[in-house]
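These notes are about the structure you will find just below.
Numbers restart at 1 for each chain; the letters A, B, ... are given by sequence-line order, proteins then strands.
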Amino acid sequence: MSKQSKLQPGEPAFNLMLLLFSLGIFYEAYRISGPGFESISSPGAFPLGLGIVLILSMVVIIAGQFRKQKPDTQGALDEARQFMSAHFPLPIVIFSTMAIGYLLLLEPLGFVISTLLFLFVSMVYLRHGRFVSSAIIAAVSIAIIYSLFKLLFQVYLP
Amino acid sequence: MADSFTYFLMSWTDLSLLLLTAIGTFAGIYIGAIPGLSVTMAVSILISFTFAWDVNDALALMVGVFCGGVYGGSRTAILLNIPGAPSAVATSFDGYPLAQQGEAGQAIGLSTVMSVIGGLIGVLILASTAPVLSEFALQFAPRDYFLIAVLGLLLVGSLAAESLSRGIFAASLGAVIGLVGMDPVTAEGRFTLGSMQLLGGIHYVVVMIGLFGVAEALFQLHQLNVKPVRQNVEKIIPSLNLVLKFLPLSIRTSIIGVIVGALPGTGGDIASLFAYDHAKRSVKNPSKPFGQGAYEGLVAPESANNAAVGGAFVPMLTLGMPGDAVTAVMLGALVIHGLNPGPMLMVTTPYIFWFMVGALVLANFFLLIFGLMGIKLFSKVVELPKAILVPLILVLCVVGSYSLNNSMNEVYWMLGFGIAGYFLKIFGFQMGPIILGVILGPLMDNSYRQAMSSVGDSMPAFLIELMTNPLSIVLTLAIILLLLSNLPLKRMIRSSKNPS
């Protein structure tokens, strides 16, 4: 990532989320060994230190926001729209959905069928068609992956 | 002495041992290079089906896989910006920009030669100074290990991230992930949110595959229509002039690699970052700016991480303490074969030490041959259209994460870390510090608690020890200097002096 003089759409909200996450980590660390900790070598001591470091570094990052220009957006809705179009274009959304579908089908269909299906469908989508070559590439890929992992490395496949 | 030399040459003169070392090195290169496969995983799997073998056969194969794997990780770091192993994180800083400029062949060729130089220097130092180095490492107190880990995380934070605060956040986040699970001392759950499943912790390979595999795959979808950079792999073998030009840097960073690798708990990952930092600070006129394809930024980590292999064997063979995750697994292999790694190994079974030294040298020669031979074929991977490559990366990530525990939970975790990594990357948080945090977090926690317990849980006593022990003073000063050099005030003074 290059240095930015301008805030990205969604950056303040993301940083705020990370600050809240850091506070959550601090709270969880505080709860280890009951509320607080008995000594500076107790199981919660180092995690508590990490929580403090997380919070402090996020505070520094958020303070740094004020030195940057605000993004060219009109309101929160426009900022969200700009964020989505910049970082979640349609191919990413659809590919991610396919990936989640693939993981869900892995156990019911087994590794070979679900992987073949995922590779074929995702390649056809990302390559805008080309059914035959996509089918060949998917079949060859699954043959190589299966023989490499299952037969050579004797790795269990899903 | 004559006996030692005979044991040293054993893997060179016995055909089956020679072949096993060659196969191990060849396989290691591709295991290290394939995203989702790690050397640790491969060596662990090897143990499961080599424990019935003769000890020399098993060790020859594993030594080959180790050497090849450490080197192989750099190939995907250069070609895909996916470090195959944590030790290749620093390689990607300048290796990937070189590939983007179409110089992957030259980059891989140079990294191969420098890896071999580093590897051979590592073995030479292992063979000649093992007892001295191990005695030096023995003097390290837990607080020193803690300080070294802090220094390592600060280094990677300041090198890889947009700002030090982002780097520190990422490293701390990684350390929190590394601590999830049961506390090894008290068996209390930490960051488990009451979940029984999380008591077992989160495997660092899952985090690594998610952050480097899935997040990178999602990022590559942004460039679906970008034609892949045609890699210039015609000129693979680097010229003698180029090798000689970088030889002094390679020797310096190899020595750094051996020393860092010899410290228990620190391996090629920290060694390569130290070396990269050394190159960045010591090379005044790099071939290109660091981070934009400087050959110096490639030579330093590649020499150091392979040299660290020799270094990592020092505490393992002489003290019975693993230098990194792979040597930890190899330690287990020695025990399975009825050997006793530690101070007595050199006394009762010295042949094992000299046999391993010989096998390491042999593996480095095979590394040179296979490393320079397979580049053309391997570089084709990067010329694959993203529309084919991205789904394949995801499948490899699924296979890699599933094979860790034969469980879909690891796969879901991997996907979760991939998505989280994608968001973090969007906003300038780098993945390297998170991974190092995951690996070093438990080590830091352990060292910190040991250090505190040793002074009776007294912070003043800890501070007094910190300020009176020479090694601790040096490490503390290094941390302070690193922090000061990254302060906004320093940058403001520097920019006011150089308005351009």
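- When atom types are taken as modelled, the side chain of A:Arg127 and the backbone of B:Ile388 share no donor-acceptor pair closer than 3.5 angstrom.
- Expressed to the nearest 0.5 Å, how far OG of A:Ser42 lies from CZ of B:Arg449 amounts to 7.0 Å.
- Proximity to chain B involves both the backbone and the side chain of A:Ile92, based on heavy atoms less than 4.5 angstrom apart.
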Could you give the side-chain donor-acceptor pairs of residues 103-118 of chain A under 3.5 Å, partners two or more places apart or in another chain?
from, atom 1, to, atom 2, distance (Å)
A:Ser114, OG, A:Gly110, O, 2.5
A:Ser114, OG, A:Phe111, O, 3.3
A:Thr115, OG1, A:Tyr102, OH, 2.9
A:Thr115, OG1, A:Phe111, O, 2.6

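- In this structure, no portion of B:Phe462 lies under 4.5 Å from any heavy atom of chain A.
- Proximity to chain B is limited to the side chain of A:Ser22, based on heavy atoms less than 4.5 angstrom apart.
- When every heavy atom of A:Met123 is checked against every heavy atom of B:Pro391, the shortest pair comes out as CG-CG, 4.2 Å.
- Residues of residues 177-187 of chain B that come within less than 4.5 angstrom of chain A, heavy atom to heavy atom, are B:Leu179, B:Asp183, B:Thr186 in numerical order.
- The shortest distance between side-chain heavy atoms of B:Phe427 and A:Ile61 does not fall below 4.5 Å.
- Between B:Phe146 and A:Phe46, the ring planes are perpendicular. Angles over 60° get that label, and only those under 30° would be called parallel.
- Shortest non-hydrogen contact noted between A:Pro43 and B:Arg190 is O-NH1, 2.8 Å.
- Residue B:Ile168 holds its CD1 atom at 6.5 Å from OG of A:Ser57, rounded to the nearest 0.5 Å.
- Between B:Met459 atom CE and A:Ile40 atom CD1 the span is 4.5 Å, to the nearest 0.5 Å.
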>> For B:Val395 and A:Ile142: C-alpha separation, side-chain torsions, deciding distance, then whether side-chain contact (heavy atoms from CB on, under 4.5 Å) applies.
In response: CA-CA 9 Å; B:Val395 172; A:Ile142 191 77; 5.7 Å; no
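- Atom CD1 of A:Ile25 sits about 10.5 Å away from atom OG of B:Ser172, to the nearest 0.5 Å.
- If you measure heavy-atom distances from A:Ala86 to chain B, the contacts under 4.5 Å come from the backbone alone.
- No other option in A:Asn15, A:Leu54, A:Val60 has as many heavy-atom pairs under 4.5 Å with chain B as A:Leu54.
- When the ring pair (Phe, Tyr, Trp, His ring centres under 6.0 Å) test is applied to A:Tyr125, no partner is found at least two apart in sequence or on another chain.
- A:His87 NE2 to B:Leu218 CG: the interatomic distance, rounded to the nearest 0.5 Å, is 13.0 Å.
- Between B:Ala387 and A:Leu126, the shortest heavy-atom distance links the atoms CB-CB, 3.6 Å.
- Aromatic ring centroids of A:Phe21 and B:Phe169 lie 6.0 Å or more apart.
- For the pair B:Met452 and A:Ser41, the tightest heavy-atom approach, listed with the atom from each and the gap, is CB-CB, 3.7 Å.
- Contact of B:Asp445 with chain A is made through backbone and side chain together, with heavy-atom distances under 4.5 Å.
- Taking CD of A:Gln8 as the reference point, atom CD1 of B:Ile426 lies at 7.5 Å (rounded to 0.5 Å).
- For A:Phe83, the part lying under 4.5 angstrom from a heavy atom of chain B is the side chain only.
- For B:Val214, no part lies near chain A; criterion is any non-hydrogen pair under 4.5 Å.
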Residues 410-421 of chain B side chain polar contacts: donor-acceptor under 3.5 Å, at least two apart:
from, atom 1, to, atom 2, distance (Å)
B:Glu410, OE1, B:Ser407, OG, 3.3
B:Glu410, OE2, B:Asn405, ND2, 3.1

